[in-house]
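What you see is a predicted model, and the numbers here were worked out from it, not measured in a lab. Here, residue 1 is the first one in the sequence, and each next residue gets the next number. Heavy-atom basis, side chains included; hydrogens, waters and symmetry copies ignored.
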Amino acid sequence: MKIMKKRDRIIFLFLAFFFIWQVKAEETQPPTIAGVSQTEAMRLGERIYRQGILSSGEKMKAFVKGDIPVEGKTFACVSCHLRSGLGSIEGGVVTTPINGKTLFQPLKRFYKGYEVISAPLLRPAYTDESLAEVIEGGISPSGRILNGVMPRYNLNEKDMEILIFYLKNLSSEFSPGVSDTTIHFATVVSEDVPTKDRDAMMGLLDYYVKAKNNSALASESDRRQARMTESMLGSQESMYKRLSLSVWVLKGPPETWRRQLEEYNSKDPVFALIGGITSGEWQPIHDFCESNKIPCIFPVTDFPVVSETDWYTLYLSKGYYQEGEAAARYLNSNYESLDESLKGKTVVQIVSSSREGAALASGFEQTWRDFEHQPPVTVMLKKGEALSKKLLQQVLDKEKPASIVLWVGPEALPALEGLASGSNKPEMILVSSGYLKESIWTLNEDIRDITYIAYPFILPQDEAKSKVYVPLLREPKFNDSNSQMILKRVFPVLLALSQSMMEMRGNYYRDNFLDVISMMMDQKVRLYERLSFGPGQRYASKGCYIVQLTKGPTLELVKKSDWVIH
């Protein structure tokens, strides 16, 4: 009997302990959203918001203008409210912010920056119920019917709960690298970059940071005296914010850079990377930024990652890839309209075994295929091999091409001597100015009338007329051509920073930083024909000229195409 009582007591204590443990475990378990974890709800909510794809994997359905059915990504929330959820103004249509920080507080009336205390609210704070009503029916908590261009979304209860949870967390806390007084940036430099190149980039970045901080210091005294509302201060916050800039030096082979970047960011979190320069691929830095959702603005690289889906790195152009792309477009336009004799004839490309050659060939081949042409005949040179006259003539005699594309460096130019008088001379030769660099000015005069050069910059004679001021450009220590090129390539970073700092209006979210840059007006600069922006666009200079070199003592590049847009 005593043994039974003892056993019952042990069982009772065990069950009591298990019950208490289970209750505690349930208390510490994060609440679920529509039956899924919060992490999964954020992932699904982001997909609904950005791609218009429901939790089931089906396309979201909606109606605009009352009864016009639409579906999918075209009318996803991000199309108008942008990645940050902070809205936009386009074509006279104002798209209001829909991040949680805005939605779930009352919308007050202001006049010239001051709150109108006696006036009624524009709308009360949203609740989950009223937010669902405006998403489905387009009726705000104040009873106002929203513009008909705002889609009315048909969401089931689960997807509505997930989307509302996502909006509550969208742009709700400032991104890392932001403090009360300072926004912290970094730039990346690989240790093998020549000192003069690094000094040119850092000289211009330091110049801007110093100028911005001096301006913030001067504004600080005015701020103390100003009697403005919190909202007014928010709109002018960038006037008082200081900037700091760290230099992340990457050492060793590129395969170790990702680890180094993670370590830098762990110790020294930044809002964004600006500029940056390496002697090799940008891929490891690009991947780091994508993984950590850190913006990277206009690195100095000829080897950007070409992607239609990545978001966080904004490049000046597609680099060498873009020259290959432009060459294919120009050649295609000749095939279609300029010279019937070219149709059906072979196109040959001779490619150096180098990063430059690979990038140029990739851009050319992909674009050529997009036009549904037969793939070009490709002759790959061996590593370290220069194109010889003998090899070039063998290719011409065998293939008899109408056009030959030479993705080779300056060492190959001697092979073109005598080409004009040889057998099976092609009707068109295409080359890269980026790969040939200054040697384009030494092209053999006999072949200039059939040699076409991909040139991704504003022409020198046009740039000479430019009135755009670039700081440090006339400094004696930066008067060599390479330093001048770097200064011109870093200058757009200053434009993007100066405008975005104002337009963010105190909303220091990384996605808002990129949204604001994407909405900038086109920019005129010294190096590129123009920098064009737009939501989701990752390459600011989108074109390239095809030019020829004149004959005679006065050398000049002559346009043979418009600005070929990719």
Side-chain angles (χ1 to χ4, degrees), residues 46 50 78 82-86 88 99 170-179 182-189 201 205 208-209 212 237-238 241 243-248 250 257-258 261-262 264-266 268-278 282-301 304-318 489-520 523 531-541:
E46 181 181 281
R50 294 182 182 176
V78 73
L82 308 184
R83 296 264 293 212
S84 61
L86 294 174
S88 62
N99 60 320
L170 178 62
S171 297
S172 59
E173 295 182 7
F174 285 165
S175 299
V178 178
S179 72
T182 306
I183 303 180
H184 186 39
F185 294 93
T187 193
V188 173
V189 183
M201 182 190 76
L205 292 179
Y208 174 76
V209 171
K212 175 66 177 70
E237 177 70 21
S238 65
K241 273 282 198 257
L243 307 183
S244 66
L245 179 64
S246 295
V247 181
W248 292 355
L250 301 178
W257 291 356
R258 176 68 181 270
L261 290 166
E262 296 287 358
Y264 274 125
N265 194 50
S266 176
D268 185 29
V270 295
F271 183 70
L273 300 182
I274 55 175
I277 185 170
T278 72
W282 197 258
Q283 181 88 51
I285 303 131
H286 177 102
D287 293 343
F288 161 78
C289 290
E290 286 296 315
S291 177
N292 290 275
K293 299 183 177 180
I294 298 175
C296 179
I297 308 302
F298 297 148
V300 179
T301 179
V305 175
V306 177
S307 168
E308 298 300 323
T309 58
D310 290 347
W311 167 256
Y312 284 96
T313 301
L314 182 59
Y315 294 103
L316 286 167
S317 74
K318 292 183 181 178
R489 294 177 76 171
V490 175
F491 178 67
V493 177
L494 277 56
L495 291 178
L497 279 178
S498 60
Q499 293 201 30
S500 62
M501 287 293 293
M502 290 187 293
E503 294 299 327
M504 279 194 290
R505 300 181 180 276
N507 294 303
Y508 299 116
Y509 311 105
R510 287 167 172 168
D511 279 337
N512 186 41
F513 180 48
L514 291 171
D515 282 342
V516 164
I517 293 175
S518 76
M519 301 299 287
M520 284 169 54
Q523 301 291 315
L531 299 182
S532 304
F533 301 89
Q537 296 179 13
R538 304 270 63 82
Y539 310 94
S541 178

- Message: Within the 4.5 Å heavy-atom criterion, are P176 and V270 side-chain neighbours or not?
- Response: no
- All salt bridge (Lys or Arg N to Asp or Glu O under 4.0 Å) counterparts of E262, not counting sequence neighbours: R258
- Any donor-acceptor N/O pair, R83 side chain to G536 backbone, under 3.5 Å: no
- Is there a donor-acceptor pair closer than 3.5 Å between any side-chain N or O of T187 and the backbone N or O of G276? yes
- Would you mind reporting whether L261 and V188 have side-chain heavy atoms less than 4.5 Å apart? yes
- Would you say the side chain of N99 lies within less than 4.5 Å of the side chain of L86, judging by non-hydrogen atoms? yes
- With a 6.0 Å cut-off on ring centres, are Y509 and F174 close enough? yes
- Are Y508 and I183 close enough, and set up right, to give a side-chain contact (heavy atoms from CB on, under 4.5 Å), and what steps lead you there? CA-CA 9 Å; Y508 299 116; I183 303 180; 3.4 Å; yes
- Message: Any non-hydrogen side-chain atom of T182 less than 4.5 Å from a side-chain atom of K241?
- Response: no
- Query: Do you see a donor-acceptor pair shorter than 3.5 Å between the side chains of S246 and H184?
  - Reply: yes
- Task: With the side chain counted from C-beta on, respond yes when F298 and I274 share a heavy-atom pair under 4.5 Å apart, and no when they do not.
- Result: no
- Is there a side-chain contact (heavy atoms from CB on, under 4.5 Å) between V189 and L250 once you walk through the steps? CA-CA 6 Å; V189 183; L250 301 178; over 6 Å; no
- Item | Flag, side chain of D515 to backbone of L82, donor-acceptor distance under 3.5 Å | no
- Item | Close side-chain approach of M501 and K212, heavy atoms under 4.5 Å | yes
- Task: Kindly assign one of parallel, tilted or perpendicular to the pair F271 and F513, based on the angle between their ring planes and the thresholds 30° and 60°.
- Result: tilted
- Query: Between D511 and W311, is any side-chain donor less than 3.5 angstrom from a side-chain acceptor?
  - Reply: yes
- Is there a side-chain contact between F185 and L497 (heavy atoms, below 4.5 Å)? yes
- Query: With no hydrogens and no angle check, is any side-chain donor or acceptor of S541 less than 3.5 Å from a backbone partner on S317?
  - Reply: no
- Task: Please answer whether the main-chain N or O of L494 pairs with a side-chain N or O of S498 as donor and acceptor at a distance below 3.5 Å.
- Result: yes
- Query: Do E308 and R538 have side-chain heavy atoms sitting under 4.5 Å apart?
  - Reply: no
